[in-house]
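Because only heavy atoms are used, hydrogens play no part in the values below, and waters and symmetry mates are left out as well, while side chains stay in. Chain A is the first sequence line, chain B the second, and so forth, proteins listed ahead of strands; every chain is numbered from 1. All figures in this text were calculated on a predicted structure; none of them were measured in a lab.
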Number of protein chains: 2
Amino acid sequence: MTDAANSDRIRLGNLSRSPGFLLRLSQLQVFNLFYEALGHDQLRPGEFSVIWLISLNPGVRQGVLAKRLMIKPAHMTKLVKRLEDAGHVQRTIEAGDRRAVQLTLTAKGKRLVDARKSEVFGYIAHENVRLSAAEMAELTRLLQKFVGIEGDSL
Amino acid sequence: MTDAANSDRIRLGNLSRSPGFLLRLSQLQVFNLFYEALGHDQLRPGEFSVIWLISLNPGVRQGVLAKRLMIKPAHMTKLVKRLEDAGHVQRTIEAGDRRAVQLTLTAKGKRLVDARKSEVFGYIAHENVRLSAAEMAELTRLLQKFVGIEGDSL
DNA sequence: TAAAATTAGTTCACATGGAAACTAATTTCC
DNA sequence: GGAAATTAGTTTCCATGTGAACTAATTTTA
């Protein structure tokens with residue numbers, strides 16, 4: 001039973017140092033924490049990101065949002081449609097350029113952001129995580145640099 | 001044109017410090033690097049992980065692999081079937097427990113691992129990345145700790 | 001030892017996200 | 001000013017991955 005075939009402890013070799021693999025595992029773990037904390041309602045991470053950015057940037061074009069969030073335009077169309085159907089987002093054809101769609105929050109959307117923001121930005125409690133507060137801060141700093149986000153709001 | 005509605009520079013607020021968001025962006029970036037370096041053949045990250053682990057742990061059960069890689073059993077079935085159809089993996093019903101499936105590499109599978117491993121573990125060149133070698137090492141260390149992988153092979 | 005519970009894996013139906021082709025509006029370039 | 005190119009967004013179809021229900025084999029328990 002100490003044989004690799006039957007043990008749960010398997011050798012990872014270089015995979016245990018592979019950033020891609022570690023990022024994938026990390027993201028799955030964070031997703032699980034998110035859903036434990038916020039899954040009770042239907043709010044999903046991507047959806048909150050979108051309404052959050054609309055609340056900070058009212059009137060933003062959905063293409064600009066897609067680019068910043070690295071969501072493909074085709075997917076963004078569906079995401080925004082869901083948010084519109086749910087009554088959180090208002091779509092407006094831009095006056096100057098009738099191809100473009102401007103996004104704003106409805107009153108309901110604003111209430112949702114307000115009600116959930118503290119949970120959304122606080123669901124990674126240090127009790128649930130193997131890193132200290134200082135390590136978590138350093139991890140965040142390195143990830144920011146890795147993806148090219150430097151300041152607070154850019 | 002400096003208005004949020006029309007600018008590509010949008011405010012992120014707290015999202016710019018959200019580990020979940022940063023992990024997602026990081027993973028997309030790493031995926032892109034992987035596909036630039038290795039996309040020419042059909043090898044995908046998940047598939048390589050599987051044959052890599054089989055090469056290090058011959059005879060491993062596919063359920064054990066699924067658990068370690070955080071792949072759902074239903075998906076693992078399809079993944080392994082693809083690898084079997086491609087002639088990389090051999091499935092064997094375990095003698096002692098006929099419910100279980102043991103995985104080993106074929107000669108072709110071994111050749112694939114050997115041929116690609118240096119690329120797979122080296123595609124994140126420091127030229128392509130905003131972090132120094134030391135920062136990359138620290139990021140890797142923190143991610144390992146975050147997901148609970150401590151030593152090399154566990 | 002027979003019935004109940006658990007475990008390993010599979011199948012099927014669905015959801016999530018992406019690529020390619022498309023429409024409509026705008027800009028560029030003779 | 002009109003054809004060609006570009007841009008914003010949408011639609012359609014497909015690949016990837018998951019949940020739930022299922023089969024078969026094994027273990028537990030009364």
Q: Quick one: label A:Gly46 by what it contacts on the DNA or RNA (base, sugar-phosphate, nothing), any heavy atom closer than 4.0 Å.
A: nothing
Q: Taking all non-hydrogen atoms of both residues, which atom of A:Gly87 and which atom of A:Thr106 are closest, and how far apart?
A: O-OG1, 2.5 Å
Q: Between D:dT10 atom P and A:Asp85 atom CG, what is the distance in whole Å?
A: 12 Å
Q: Quick one: does any side-chain atom of B:Gln144 pair with a main-chain N or O of A:Ser16 as donor and acceptor, under 3.5 Å?
A: yes
Q: Closest-nucleotide mapping onto DNA chain D: is A:Leu28 or A:Gln62 further toward the 5' terminus? I mean the 5' end.
A: A:Gln62
Q: Base, sugar-phosphate, or nothing: which does A:Lys67 touch, judged by heavy atoms less than 4.0 Å apart?
A: nothing
Q: Please determine if A:Glu84 and A:Lys81 form a salt bridge, counting it only when a charged side-chain N lies under 4.0 Å from a carboxylate O.
A: no
Q: Is B:Lys78 side chain donor-acceptor paired with the D:dT18 base, going by distance under 3.5 Å alone?
A: yes
Q: To check you understand the geometry: which heavy-atom pair defines the closest contact between B:Ser55 and B:Pro58, and what is its length?
A: O-CD, 3.9 Å
Q: Could you tell me the boundaries of the chain B footprint on DNA chain C, defined by atoms under 4.0 Å from its heavy atoms?
A: C:dT7 to C:dA13
Q: Here's a test of your reading of the structure: between A:Asp97 and A:Arg24, which maps to the more 5' nucleotide of DNA chain D?
A: A:Asp97
Q: Once you round it to whole Å, what is the distance between C1' of D:dT10 and CD1 of A:Ile71?
A: 16 Å
Q: Nearest whole angstrom, please: distance from the P of D:dA15 to the CG of B:Leu79.
A: 15 Å
Q: Take A:Phe121 and A:Trp52 through the ring-ring contact (aromatic ring centres under 6.0 Å, His included) test and state the conclusion after the steps.
A: CA-CA 11 Å; A:Phe121 293 119; A:Trp52 172 255; 4.7 Å; yes
Q: Nearest whole Å is fine: how far is D:dT11 C1' from A:Lys72 NZ?
A: 18 Å
Q: Does any N or O in the side chain of B:Gln62 come within less than 3.5 Å of the main-chain N or O of B:Val80, such that one atom is a donor and the other an acceptor?
A: no
Q: Tell me: CD of B:Glu47 to C1' of D:dA15, nearest whole Å?
A: 12 Å
Q: Mind checking B:Ala74 for me? I need base, sugar-phosphate or nothing, with any heavy atom below 4.0 Å counting as a touch.
A: base
Q: Examine D:dT11: is either OP1 or OP2 under 4.0 Å from a nitrogen or oxygen in the side chain of A:Lys81? Give yes or no.
A: yes
Q: Which sits closer to the 5' end of DNA chain C, B:His75 or A:Ala95, going by the nucleotide each is nearest to?
A: B:His75
Q: Just verifying a value: how many Å separate A:Asn32 CG and B:Met70 CE, rounded to the nearest 0.5 Å?
A: 6.0 Å
